[in-house]
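In what follows, a structure is listed as structure tokens, so that the remarks can point back to it.
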Amino acid sequence: MRLSQSLIPTLKETPSDAQITSHRLMLRAGMIRQTASGIYAWLPTGHRVLSKIAQIVREEQDAAGAQEMLMPTIQSADLWRESGRYDAYGKEMLRITDRHERELLYGPTNEEMITVLVRDSIKSYRDLPQLPYHIQWKFRDEVRPRFGVLRGREFLMKDAYSFDVDYAAALIVYKKMMLAYMRTFQRLGITAIPMRADTGQIGGDLSHEFHVLAPTGESGVFYDAAFETGNALAETEIESFYEQMTTIYAATDEKHDTVLWDKIPDERRREGRGIEVGQIFYIGKKYSESMNFAMTGADGQKFFPEMGCYGIGISRLVGAIIEARHDDAGIIWPDAVAPFKAAILNLRQGDAATDGICETLHARLGADGLYDDRDERAGAKFADADLMGHPWQIIVGPRGAAKGQVELKRRATGERSELSVQDALAQVLG
RNA sequence: CGGAGCGUAGCUCAGCUUGGUAGAGCGCUAGCUUUGGGAGCUAGAAGCCGGAGGUUCGAAUCCUCUCGCUCCGACCA
């Protein structure tokens with residue numbers, strides 16, 4: 001993509017309504033624009049990141065055996081009256097009336113809808129287990145939206161729902177999902193820690209929240225340093241993985257247990273802030289019972305399926321990753337989610353040698369390259385590239401161009417090296 | 001929902017106390033010079049001062065109402 005023809009409006013100054021780092025950087029890097037309180041438009045680079053995160057989440061969900069589908073954003077109030085949550089949910093739910101005075105709502109979550117869809121679609125306990133998911137926009141009319149996409153009213157979420165014949169089977173899915181989540185966050189280039197959590201509105205009695213460590217996080221977190229090493233992930237046998245994840249201490253301040261905490265050796269105790277990027281719940285029969293999802297089991301007895309639900313805040317992750325990975329100059333994207341692998345910086349626009357090399361690079365990098373072909377000075381290009389946080393910068397200046405050389409800069413480390421065009425491409429693409 | 005603020009040019013903001021008809025820096029347009037970390041000079045364009053009422057000879061400025069946004073708290077993927 002050519003920067004001169006892109007809708008990537010970078011800002012030199014910080015818009016006054018952005019207080020926290022990720023929000024400021026997302027606005028300055030031209031990723032998003034606010035269109036109403038807690039509601040954002042995703043401009044091309046922001047949208048690319050969002051899509052890349054969604055794709056990684058999708059791949060890991062699929063690998064865990066979940067099936068992707070898509071439910072609507074608008075739901076009928078009647079659906080929620082069945083579960084009794086229409087009145088219980090309160091003002092956070094955005095209620096809408098259509099032209100026929102029918103009551104609708106913009107879905108804040110999908111337990112009711114999926115329960116009805118599965119209930120009306122499967123015929124026998126032999127059709128269980130089911131594990132559908134979708135990636136869809138949600139709306140929760142937060143009293144106080146803030147922190148940019150970290151607490152918006154409209155947000156993109158992956159939500160999966162499990163239906164099983166009994167508790168044992170439901171628990172296996174719960175464990176699988178925990179593993180899938182840890183793999184997902186690892187692929188996204190961040191450290192997330194599973195912490196025992198309350199179940200809140202959703203209901204049920206077993207739940208973990210996944211927190212990304214960042215100084216600006218909304219929750220206080222306490223954890224054992226063992227989580228920092230990432231060793232647990234090497235363990236892929238599900239039972240021992242789950243055993244490790246749930247025995248090594250980690251809790252948000254709400255669930256903090258000082259007795260257990262005191263048993264951890266001093267040097268392994270870690271206290272910090274976390275951003276919640278996902279949560280998994282075992283919810284049992286709350287919805288299957290309230291929505292009359294009963295089936296006949298192998299023993300001829302009626303039973304209600306055991307459910308679980310599993311969410312990942314995809315739009316929130318964009319902000320969370322930035323909170324965890326930035327410096328004074330801007331964003332430092334993990335390779336896996338960067339909007340572009342590399343920026344091509346033409347330091348002398350209009351110079352035959354630099355133009356030629358840049359065009360070659362641009363052609364070879366394809367969609368992974370952002371060619372800064374603007375008629376700007378070097379300093380402006382460096383500053384914008386650092387701000388946007390591309391993992392690599394290929395700097396093409398007149399001096400090097402004369403020798404057929406370019407400079408390759410790694411954003412995360414600041415390392416630079418002079419290379420031939422081919423070697424630079426090999427490093428970026430390799 | 002309680003408390004506190006803010007809406008003036010694309011962005012950051014000054015002007016408001018003490019009413020006299022709109023400013024700066026950056027950005028934008030054109031030209032020249034410059035060219036490896038956000039250049040210099042010259043010339044320009046650009047604002048119904050969030051909206052509606054009111055007071056006044058006269059309102060960005062004072063008063064009332066309203067809409068929007070932000071921050072602190074309670075709540076929360």
Side-chain angles (χ1 to χ4, degrees), chain A residues 9-20 23-24 27-28 30 33-39 57 89-93 107-111 135-160 181 192 197-202 207-212 218-219 252 254 274-281 309-320 328-330 345-351 354 372 374-387 393 395-401 405-407 409 414 416 418:
Chain A
T10 58
L11 302 172
K12 216 160 145 180
E13 287 180 280
T14 302
S16 56
D17 50 359
Q19 299 300 318
I20 73 161
H23 191 197
R24 285 204 299 260
L27 288 167
R28 288 195 50 213
R33 286 297 182 262
Q34 180 168 319
T35 60
S37 178
I39 303 179
V57 169
Y89 217 93
K91 289 191 163 180
E92 249 187 41
M93 179 186 279
T109 178
N110 286 65
E111 283 82 10
I135 294 173
Q136 177 65 293
W137 292 93
K138 306 290 187 290
F139 194 93
R140 294 184 191 173
D141 199 0
E142 294 281 344
V143 200
R144 192 177 156 214
R146 63 186 127 169
F147 306 146
V149 300
L150 290 177
R151 181 160 298 286
R153 292 193 292 171
E154 186 185 54
F155 56 96
L156 187 61
M157 182 165 115
K158 184 284 298 180
D159 41 324
Y181 274 37
D198 283 322
T199 51
Q201 276 279 10
I202 309 283
S207 179
H208 284 84
E209 289 178 354
F210 296 78
H211 284 261
V212 173
E218 286 191 81
S219 321
T252 60
E254 292 168 342
I275 301 169
E276 185 191 340
V277 292
Q279 185 165 13
I280 57 179
F281 302 82
C309 78
Y310 317 88
I312 292 181
I314 295 189
S315 49
R316 174 180 281 185
L317 267 166
V318 179
D328 290 345
L345 307 189
N346 189 345
L347 298 193
R348 187 73 65 86
Q349 205 68 41
D351 175 273
T354 60
D372 191 345
R374 296 173 302 172
D375 187 18
E376 287 289 347
R377 298 174 62 88
K381 295 192 179 190
F382 288 134
D384 272 343
D386 286 347
L387 173 64
Q393 294 171 18
I395 301 159
V396 185
R399 291 201 291 271
Q405 298 240 302
V406 297
E407 188 178 329
K409 175 181 161 185
R416 298 153 178 270
E418 290 238 350

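The chains referred to below are lettered A, B, ... by the order of the sequence lines, with proteins before strands, and numbering in each begins at 1. Everything numeric here is computed off the predicted structure, so don't read it as measured data.
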Query raised in the report: Taking a pair as Watson-Crick or G-U wobble with both distances under 3.5 Å, which nucleotide is matched to C48(B)?
Result: none
Report task. May I ask which nucleotide in the shown strands pairs with G27(B), Watson-Crick or G-U wobble, both distances under 3.5 Å? Result -> none
Query raised in the report: Which residues pass the side-chain contact (heavy atoms from CB on, under 4.5 Å) test with Ser37(A), sequence neighbours left out?
Result: Pro145(A), Arg153(A)
Query raised in the report: Looking at residues at least two apart in the chain, or sitting in another chain, which of them share a side chain to side chain donor-acceptor pair (under 3.5 Å) with Glu376(A)?
Result: none
Query - Pair assignment for A9(B), Watson-Crick or G-U wobble, requiring both distances under 3.5 Å - result: none
What does the list of N/O pairs under 3.5 Å between the protein and nucleotides 73-75 of chain B look like, with a distance for each?
residue: A74(B); atom: N6; partner: Arg146(A); partner atom: NH2; Å: 3.4
residue: C75(B); atom: N4; partner: Arg146(A); partner atom: NH2; Å: 2.6

Query raised in the report: Would you say a side-chain N or O of Gln34(A) is under 4.0 Å from OP1 or OP2 of U70(B)?
Result: yes
Requested in this report: State which of G37(B), U35(B), C1(B) makes the closest approach to the side chain of Phe382(A).
Outcome: G37(B)
Query raised in the report: Is the closest side-chain heavy-atom distance between Phe210(A) and Ile312(A) below 4.5 Å?
Result: no
Query raised in the report: Taking only residues two or more places apart in sequence or in another chain, which ones pass salt bridge (Lys or Arg N to Asp or Glu O under 4.0 Å) with Glu254(A)?
Result: none
**Report entry** Residue list, side-chain contact (heavy atoms from CB on, under 4.5 Å) with Leu11(A), at least two apart or on another chain
**Finding:** Pro15(A), Arg28(A), Arg33(A)
Requested in this report: Could you list the residues that satisfy side-chain contact (heavy atoms from CB on, under 4.5 Å) with Ala383(A), not counting sequence neighbours?
Outcome: none
Report task. Evaluate the side-chain proximity of Asn110(A) to Lys138(A): yes if any heavy-atom separation is below 4.5 Å, no if none is. Result -> yes
Under 3.5 Å, which N/O atoms of the protein pair with N/O atoms of nucleotides 39-41 of chain B?
residue: A39(B); atom: OP2; partner: Arg377(A); partner atom: NE; Å: 3.2
residue: A39(B); atom: O4'; partner: Arg377(A); partner atom: NE; Å: 3.4
residue: A39(B); atom: N9; partner: Arg377(A); partner atom: NH1; Å: 3.3

Requested in this report: Could you list the residues that satisfy salt bridge (Lys or Arg N to Asp or Glu O under 4.0 Å) with Glu142(A), not counting sequence neighbours?
Outcome: Arg151(A)
Query raised in the report: Can you give one letter per nucleotide of nucleotides 4-12 of chain B, going 5' to 3': B for a protein heavy atom under 4.0 Å from the base, S for sugar-phosphate only, - for none?
Result: -------BS
**Report entry** Comparing Gly313(A) and Phe147(A) on RNA chain B - which has the more 5′ nearest nucleotide
**Finding:** Phe147(A)
Report task. Look through every strand shown and name the nucleotide pairing with U70(B) as Watson-Crick or G-U wobble, where both distances are under 3.5 Å. Result -> A4(B)
Query - All side chain to side chain donor-acceptor pair (under 3.5 Å) counterparts of Gln136(A), not counting sequence neighbours - result: none
Query raised in the report: Between Ser37(A) and Ala329(A), which has a closest nucleotide on RNA chain B that is more 5'?
Result: Ala329(A)
Report summary line: In Watson-Crick or G-U wobble terms, with both distances under 3.5 Å, the base opposite A39(B) is U33(B)
Report summary line: Hits for side-chain contact (heavy atoms from CB on, under 4.5 Å) against Ala401(A), two or more places apart or cross-chain, chain-then-number order -> Ala353(A), Thr354(A), Ile357(A)
Query raised in the report: Taking only residues two or more places apart in sequence, or in another chain, which ones meet Arg399(A) in a side chain to side chain donor-acceptor pair (under 3.5 Å)?
Result: none
Query raised in the report: Is a donor-acceptor pair below 3.5 Å formed from side chain Arg374(A) to base G27(B), judging by atom type as modelled?
Result: no
